[in-house]
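We count ligands from 1, going down the list as the structure has it; atoms in each ligand are counted the same way. Note that the structure is a prediction, hence the values are computed from the model and not measured.
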Amino acid sequence: METKRLKFIKDGFIKIDQLITLEEVDTLRAIYDSLLQDKAKTAHLRSDLAGSKKEDSKKVERITQIMRPSTISSELLKSSTYKKALYWAKELLGEDMELDFDMMINKAPHTNTPTPWHQDTAYWIALPDKRSASCWIALDDVIEENGCMWFIPKKEGQPLLAHKNLPHGGALYCETETAEAVSVPMYPGGCTFHDGYTLHYSRGNTTASQRRALILNFRPKKMIELEREQGVDHTGERKQRN
Ligand SMILES: O=C(O)CCC(=O)C(=O)O
């Protein structure tokens with residue numbers, strides 16, 4: 001545990017081979033798939049990270065992002081998965097960590113669309129306490145070919161870089177040197193934790209099956225209160241706020 005904490009502080013990310021059991025993965029997959037299929041219920045929280053024009057609405061989503069899925073399926077909040085992820089977030093960054101928001105990111109089969117290099121902090125408002133941890137849980141076997149995560153080990157005092165949006169409201173991206181990037185393949189139930197300043201990306205999905213990831217973001221309780229006071233609930237448009 002202490003080794004993981006020190007590595008998280010130093011590199012800005014860690015991998016946990018098995019955060020949850022395959023039984024827990026199955027429970028999550030059932031909820032995940034029903035939300036993915038229900039476009040009406042999720043419309044207000046759903047978008048394509050690859051960007052999309054109005055006339056694209058009938059086309060296949062390449063990278064489906066559904067923000068705050070637990071506001072629709074509240075059983076997620078009580079699940080053992082959310083408890084285990086919170087336990088780890090507290091071990092890594094302190095007892096005042098709480099869940100800020102959750103999200104689903106699915107890469108549909110044969111859509112071959114990378115999630116560009118970025119730092120999550122670019123999406124968030126500036127907060128005095130910068131601690132944060134995103135827990136990225138694999139619900140499928142994740143490999144380079146279907147879009148496992150890649151990270152660049154953090155440098156001391158890593159600054160927040162300038163970000164731009166992909167066209168048509170897509171993901172934020174930045175320019176970065178990638179020679180030190182490492183990929184993190186995992187089995188279902190494995191997870192990574194990354195810090196808000198850690199550069200990360202994933203390749204497109206070139207395989208015949210989905211690449212489902214459930215992501216939980218944690219930060220200090222007081223910072224979540226500050227965000228909510230300013231109307232930030234992580235359901236809004238994608239733009240650089242920081
Ligand atoms: O799932 C992906 O492709 C990207 C995930 C990501 O950027 C994140 O969890 O911050």
For [X], the ligand 1 atoms whose distance to one of its heavy atoms is below 4.0 Å:
X      : answer
Lys107 : 3 (O)
Asp120 : 10 (O)
His200 : 6 (C), 7 (O), 8 (C), 10 (O)
Ile215 : 9 (O)
His194 : 8 (C), 9 (O), 10 (O)

With a distance cut-off below 6.0 Å to the six-membered ring centre and an angular limit of 45° from the axis, does Lys7 pair with Phe13 as a cation-pi contact? yes

Quick one: do [X] and [Y] make a salt bridge, cutoff under 4.0 Å?
X      : Y      : value
Glu225 : Arg228 : no
Glu91  : Lys4   : no
Lys155 : Glu180 : yes
Asp140 : Arg211 : no
Arg203 : Glu144 : yes
Asp33  : Arg212 : yes

In the protein, what heavy atom is nearest to [atom], and what distance, to one decimal place, separates them?
atom                   : result
atom 5 (C) of ligand 1 : Trp136 NE1, 3.5 Å
atom 4 (C) of ligand 1 : Thr115 CG2, 3.7 Å
atom 3 (O) of ligand 1 : Ser202 OG, 2.7 Å

Regarding atom 1 (O) of ligand 1: of the candidates Arg212, Met103, Arg211, which has the closest heavy atom? Arg211

